[in-house]
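Quick note on labels: first sequence line is chain A, next is B, and so on, each numbered from 1. All values below come from the heavy atoms of this structure, side chains included, with hydrogens, waters and symmetry mates left out.
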Amino acid sequence: MDFQDIQDKWKKRWAEEKLFEANPDSREKFFLNAPYPYVNGYLHIGHLYTYMRTEAFARYKRLQGFNVLYPQGWHCTGSPIEGAAMRIREKEEKQWEMMRKSGFSDDDIKKFEKPEYWTEYFPKVSRQDYTDMGFSIDWRREFITTSLNPYYDKFIRWQFRKLKEKGYVDIGSHPVVWDPKTNMPVGDHDRTEGEGETPQEFTLIKHTLPDQRKLLSATLRQDTILGITNVYAKPGFEYTIAKSGDEEWILSNASIKRLQQQGKDLEIIGSISGNELIGQKVKVFGGRRVLVLPATFIDVEKGTGIVHSVPSDSPDDLITLRELQKDEAVCKKYNLDFDEVKDIQPIPVLNTEGLSNIPAADLLEKYKITSQQQSQKLEEAKKELYKLSFYSSTFNDLYKEGFSKNLSGKKAADFKDFIRDELIEQGHAALYYELTGKVITRSLTEAIVKLVENQWFMKYGDEDWKKQVHACLDKMKLYPQDASREQFEYVIDWLKDWACTREVGLGTQLPWEEEWVIESLSDSTIYMAYYTFAHLITDVPIDNVNDELFDYILLGKGSKPDVPNIDRMREEFEYWYPFDVRNSGKDLVQNHLTFTLFNHVAIFPEDKWPKGFGTNGWITVDGEKMSKSRGNMIMLKEMPTKFGVDAARLTVLSGGEGVDDPNWNSDFAQALNNKFESLATLAAVNYNKGRDSREEVDAWAESKLNHIIQNCTTAMEETLFRTGSQLAFFELTSAIKWYLRRTNNNPNKEIINRMIESQLIMMVPFTPFLCDEVWETLGKKPFISTEKWPQADESRIDSELDQKEQVVETVMQDIYAVKKILKEKEMTKVTLFTAPEWKYQLVKEARKSGSRNIGEVLKQLSQNSEFNEHTKELPKLVPRILKTGEISSLPAKREREALDGAIAFLEKEFSAEIKVIDAEDSDHPKANNGLPGKPSILAE
RNA sequence: GCGGGGAUGCCGGAGUGGUCAAACGGGCCAGGCUUAGGACCUGGUAGCUUAGCGCUUACGUGGGUUCGAGUCCUACUCCCCGCACCA
């Protein structure tokens with residue numbers, strides 16, 4: 001069997017017959033899809049798993065009789081392609097090296113200088129990959145995103161106008177990590193250093209000097225603002241004075257720069273030494289005047305270089321203050337009144353559960369901190385306190401006044417934002433952002449925080465919207481088996497407003513402000529609807545493609561536009577939508593899949609809301625995490641020659657199921673092709689062979705087959721493809737083999753045919769090429785894809801038959817063991833003991849009680865004098881007996897008779913004497929061994 | 001840190017209170033069939049031992065519930081995904 005030939009042959013014939021082109025008809029439809037891949041490289045094994053799940057499900061549903069729509073598009077929206085193209089233009093070594101590694105010549109690479117080339121090249125090769133892998137996609141509906149596709153572009157514009165009309169798009173400002181060189185936001189993947197670092201929002205608090213200039217401190221804990229007892233400045237450090245409006249601010253030069261980058265209008269007008277500030281009194285929020293004290297611990301690279309001190313709720317502040325209050329020399333050095341410093345007392349502001357009203361003091365004691373040098377312990381104490389306050393702290397009576405609301409008794413965490421906003425409004429504070437750590441971009445510049453003004457948002461934080469999304473999720477089916485429901489519920493609640501526009505990148509312009517481009521995740525939320533008419537809309541002159549058209553097709557609104565295909569487009573949408581399943585990796589639950597729900601709920605009526613999502617884990621390759629650096633990425637284009645398509649498909653789906661990470665096992669893939677061959681042989685040799693009469697084992701074979709079909713169907717319905725393939729391939733194969741062995745290769749013709757046919761059909765989702773080929777060899781009419789999934793006849797399933805068959809197998813094994821004894825040990829007398837009488841009695845008793853509660857049964861039985869001496873064995877025996885039921889009557893005499901021939905043969909062959917007797921008839925100690933159904937063997 | 005999902009033999013993985021030394025595969029070992037085999041068939045693959053039985057340990061770690069725990073409870077350790085404006 002040449003798998004290469006088979007692949008080519010069927011690929012071609014499927015295409016010729018347009019087997020997977022789906023059109024509306026009278027059948028029930030099933031629409032499934034997967035996120036379009038971003039086309040900045042070749043598809044690899046990671047894609048294969050996610051898409052294979054969709055593909056296998058599509059094939060399964062087709063066999064189930066559904067009219068299946070499975071389309072595929074390509075994602076070009078966003079900045080990675082543009083960024084990569086730019087790096088190629090700039091001859092960046094890393095980028096060129098990557099392209100060379102992908103197998104491009106230097107001349108080829110040059111073509112990738114243009115972003116457009118990426119969107120032509122990779123969709124083309126990716127489509128080839130999919131086709132080679134045997135994917136049953138309707139390619140007429142293929143498309144790319146962005147303005148490069150004017151039809152899709154108009155669709156996205158329609159989508160955004162709709163969202164805006166409904167009030168789901170809003171404008172505001174937003175901090176982002178920014179590369180000042182390329183003038184672009186820097187996502188995690190665009191960094192050479194500082195992954196995971198984000199902008200952190202601080203509140204700048206103003207403290208007024210007697211001369212009205214302001215000292216600015218940066219804080220995360222504006223909720224404790226009424227507890228400020230003093231302010232720290234760093235001795236010897238030169239602060240900068242800058243003009244902000246009509247105020248003069250004193251802070252570090254570095255922080256001024258950052259504020260300017262964040263759009264703050266600041267003009268530097270001078271400088272002032274820290275020593276000059278120390279000893280002055282500043283007016284803090286609330287009107288009190290407090291001292292400026294010296295602190296050498298201040299890191300002037302962070303914050304403003306000025307720190308305000310809340311010793312009640314900050315262990316750092318408290319320990320610093322305490323040490324200073326003991327250090328007369330330092331106070332003298334800075335001309336401070338030592339008594340005044342000693343008089344400073346923490347001001348309680350928060351009530352924290354389980355702690356005193358000076359929580360910082362409790363923490364210092366708990367961690368036994370006596371000096372600011374114990375920085376690690378301080379860090380831990382700070383963290384613990386922060387956590388405690390976040391969950392339980394409430395404001396004390398000080399907070400009755402000072403704000404527009406009485407905050408006394410309220411949870412501090414709930415009103416942090418409120419306080420921040422009021423302080424800013426009243427001119428006591430300003431916003432300030434700082435990165436949580438250093439970030440170096442791929443262009444090797446240090447990133448900054450930029451405050452993007454007039455940023456458009458999707459209002460995913462909207463509570464009413466969330467409610468509707470929850471309602472949508474409640475009705476959805478999640479594959480497999482609800483595995484990700486918890487996560488979805490959580491994400492819906494957690495999601496905040498999402499910036500949906502960008503300054504650069506490929507995509508669609510925001511219809512009402514064309515200087516913005518719609519961000520990539522935001523434009524890919526309802527495009528599954530576009531598949532339903534993607535192949536028809538291209539006949540419409542582009543000028544006639546407008547909002548009225550989309551209103552009509554997608555919402556049935558307005559009068560019918562006079563354009564080609566209009567009725568068909570409307571019909572296709574109505575027929576196919578909503579989609580039934582969308583499958584993706586588990587990483588997209590947190591954004592894309594949930595966005596999809598939000599957008600559908602916003603735009604479509606309830607009967608067009610998504611019906612199902614599937615999610616899966618991340619593939620590992622031979623037990624190792626897949627990564628470029630490990631070099632263990634297997635590209636899709638290598639699959640057909642390296643492993644064979646069917647082997648690759650089956651392997652990737654056998655690796656695991658559920659949200660766990662599946663594993664690609666190369667050895668397994670290699671071993672498969674031989675197995676395929678023997679499957680083909682097994683089918684060809686045994687199809688239409690055998691007898692018409694019925695025998696005892698036939699009932700078993702039928703039961704077994706129906707049982708496998710039943711289980712396999714259940715698994716496939718839940719996208720448990722690993723289980724499904726296991727049953728259809730391995731388990732059914734071994735059942736067929738056993739059946740043939742038991743019938744001496746003379747099976748019932750009807751049954752063996754049904755076994756073979758069922759196996760081939762159930763294997764179609766996994767190995768379509770093999771199946772079509774063997775199907776044809778059997779003289780069947782192509783294509784197997786148009787056949788019907790086997791139906792399990794439940795009336796034929798009888799688990800007792802299976803148990804009996806198992807006993808036959810056991811007895812055969814015993815015979816085998818006997819043979820071995822005779823042959824190797826040259827013994828001549830063999831006795832097979834079946835289980836002793838009391839065990840059978842025990843079965844009867846146990847079953848009589850009819851209880852599934854083993855404890856009860858045990859108690860009853862152990863009271864029975866008959867079983868007293870066997871009490872020790874009871875716990876082991878009883879559950880087994882209760883579960884197996886009928887096994888007490890075995891080994892079946894009938895089955896043993898069937899093996900008499902074998903015994904006779906052995907006796908003759910080895911001149912031996914073989915006896916099968918009941919254990920109770922023997923005094924031999926070994927006769928007591930063995931459970932019902934499993935005789936013990938004695939050889940002499 | 002927070003949310004979700006995990007941890008089982010040489011390996012991938014079944015198993016959700018009792019037929020469990022662990023399905024089904026892969027790998028490896030032995031035997032058979034063969035000119036030969038990477039093909040196929042049979043058996044083996046925790047430890048001790050046996051012709052067969054049997055016994056002793058085992059399911060991330062430590063406690064607990066139960067006649068009985070991989071399976072339930074509890075604490076801890078480690079791994080994967082996400083934590084945002086990025087595909």
### Message
Run the side-chain contact (heavy atoms from CB on, under 4.5 Å) test on A:Phe643 and A:Thr651 for me, step by step, so that the C-alpha distance in whole Å, both residues' side-chain angles and the decisive distance to 0.1 Å come before the verdict.
### Response
CA-CA 10 Å; A:Phe643 299 101; A:Thr651 302; over 6 Å; no
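- When each of B:C85, B:C80, B:C83 is scored by its nearest atom to the side-chain atoms of A:His174, the top-ranked nucleotide is B:C85.
- Per the geometry, CD1 belonging to A:Ile171 stands 19 Å off P belonging to B:C85, to the nearest Å.
- Pair assignment for B:G25 gives B:C11, based on Watson-Crick or G-U wobble hydrogen-bonding distances that are each under 3.5 Å.
- The CG atom of A:Leu740 sits 17 Å away from the P atom of B:C40 (whole-angstrom rounding).
- Heavy atoms of A:Asp497 sit under 4.0 angstrom from at least one base atom.
- For the pair A:Thr198 and B:C83, the criterion of a side-chain N or O lying under 4.0 Å from OP1 or OP2 is not met.
- When the P atom is compared between B:C59 and B:A7, the two are found 14 Å apart, to the nearest whole Å.
- Annotation: B:U56 and B:G60 have their C1' atoms spaced 22 Å apart (nearest Å).
- In this structure, A:Tyr433 atom OH and B:C85 atom P are separated by 13 Å, rounded to whole Å.
- Taking for each of A:Asn591 and A:Glu486 the nucleotide of RNA chain B with the nearest heavy atom, the 5'-most of the two is the partner of A:Glu486.
- Residue A:Asp661 has its side chain nearest to B:C80 when only B:C86, B:C80, B:C40 are considered.
- A distance of about 48 Å separates the P atoms of B:G17 and B:C86, rounded to the whole Å.
- Across all strands shown, B:U42 is found opposite B:A30 as a Watson-Crick or G-U wobble partner, with both distances under 3.5 Å.
- Atom name P, nucleotides B:U71 and B:U65: the rounded distance is 15 Å, in whole Å.
- Picking from B:G38, B:G12, B:C85 the nucleotide with the shortest atom distance to the side chain of A:Asn674 gives B:G38.
- Heavy atoms of A:Thr501 sit nowhere under 4.0 angstrom from any nucleic acid atom.
- Closest contact between the side chain of A:Lys737 and the listed nucleotides B:G12, B:G4, B:C41 involves B:C41.
- Look at CD1 on A:Ile518: it is 19 Å from P on B:C85, rounded to the nearest Å.
- The partner of B:G3 is B:C81, judged by Watson-Crick or G-U wobble contacts that both fall below 3.5 Å.
- Contact between the side-chain N/O atoms of A:Lys496 and the OP1/OP2 oxygens of B:C85 is not found at any separation under 4.0 Å.
- Syn is the glycosidic conformation of B:G9, whose angle stays within 90° of 0.
- Residue contacts shown for A:Leu727 are absent, as no nucleic acid heavy atom lies under 4.0 Å away.
- Comparing the same atom, C1', in B:G82 and in B:G68 gives a spacing of 41 Å after rounding to whole Å.
- Across the interface with RNA chain B, nearest-nucleotide mapping of A:Leu495 and A:Asn40 shows A:Leu495 to be the residue nearer the 5′ end.
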What protein N or O atoms touch nucleotides 24-30 of chain B N or O atoms at under 3.5 angstrom, if any, and at what distances?
residue: B:C24; atom: O2'; partner: A:Gln726; partner atom: OE1; Å: 2.2
residue: B:G26; atom: OP1; partner: A:Lys675; partner atom: NZ; Å: 2.8

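- At most 12 non-hydrogen atoms from other residues, nucleotides or ligands lie less than 6.0 angstrom from NE2 of A:His707.
- Taking the six-membered ring where the residue is Trp, the centroids of A:Phe721 and A:Tyr49 are separated by 6.0 Å or more.
- Residues A:Phe122 and A:Tyr38 keep their aromatic ring centres 6.0 Å or farther apart.
- Side-chain contact, A:Asp646 with A:Thr767: no donor N or O sits under 3.5 Å from an acceptor N or O.
- For the P atom pair drawn from B:C29 and B:A46, the interatomic distance equals 16 Å after rounding to whole Å.
- In this structure, A:Leu650 places its CG atom 13 Å from C1' of B:G12, rounding to the nearest Å.
- Protein atom OH of A:Tyr490 is 17 Å distant from nucleotide atom P of B:C81, rounded to whole Å.
- Counting only heavy atoms from C-beta on, A:Gln590 has its side chain closest to B:G82 among B:C85, B:G82, B:G38.
- Side-chain atoms of A:Thr145 and A:Thr77 include a donor-acceptor pair closer than 3.5 Å.
- Residue A:Tyr460 is tested with A:Trp498, A:Phe598, A:Tyr168 for a ring pair (Phe, Tyr, Trp, His ring centres under 6.0 Å); the sole match is A:Phe598.
- Spacing between atom OH of A:Tyr460 and atom C1' of B:C86 amounts to 14 Å, rounded to whole angstrom units.
- Screening A:Asp170, A:Thr501, A:Asp497 for a side-chain hydrogen bond (donor to acceptor under 3.5 Å, both in side chains) involving A:Gln455 leaves a single residue, A:Thr501.
- Comparing B:G38, B:G3, B:C85 by their nearest atom to the side chain of A:Gln487 picks out B:G3.
- Between A:Ser520 and B:A87 there is a side-chain polar atom (N or O) within less than 4.0 angstrom of OP1 or OP2.
- For the atom pair A:Leu740 CG and A:Asn686 CG, the distance stands at 4.5 Å (nearest 0.5 Å).
- Distance check on atom C1': B:U49 versus B:G44 gives 16 Å, rounded to whole Å.
- No side-chain donor-acceptor contact under 3.5 Å links A:Thr723 and A:Gln726.
- OP1 and OP2 of B:G3 both lie 4.0 Å or more from every side-chain N or O belonging to A:Arg485.
- Only the P atoms considered, B:C72 is 41 Å distant from B:A39, to the nearest whole Å.
- For the pair A:Phe488 CZ and B:G4 P, the computed distance is 15 Å after rounding to whole Å.
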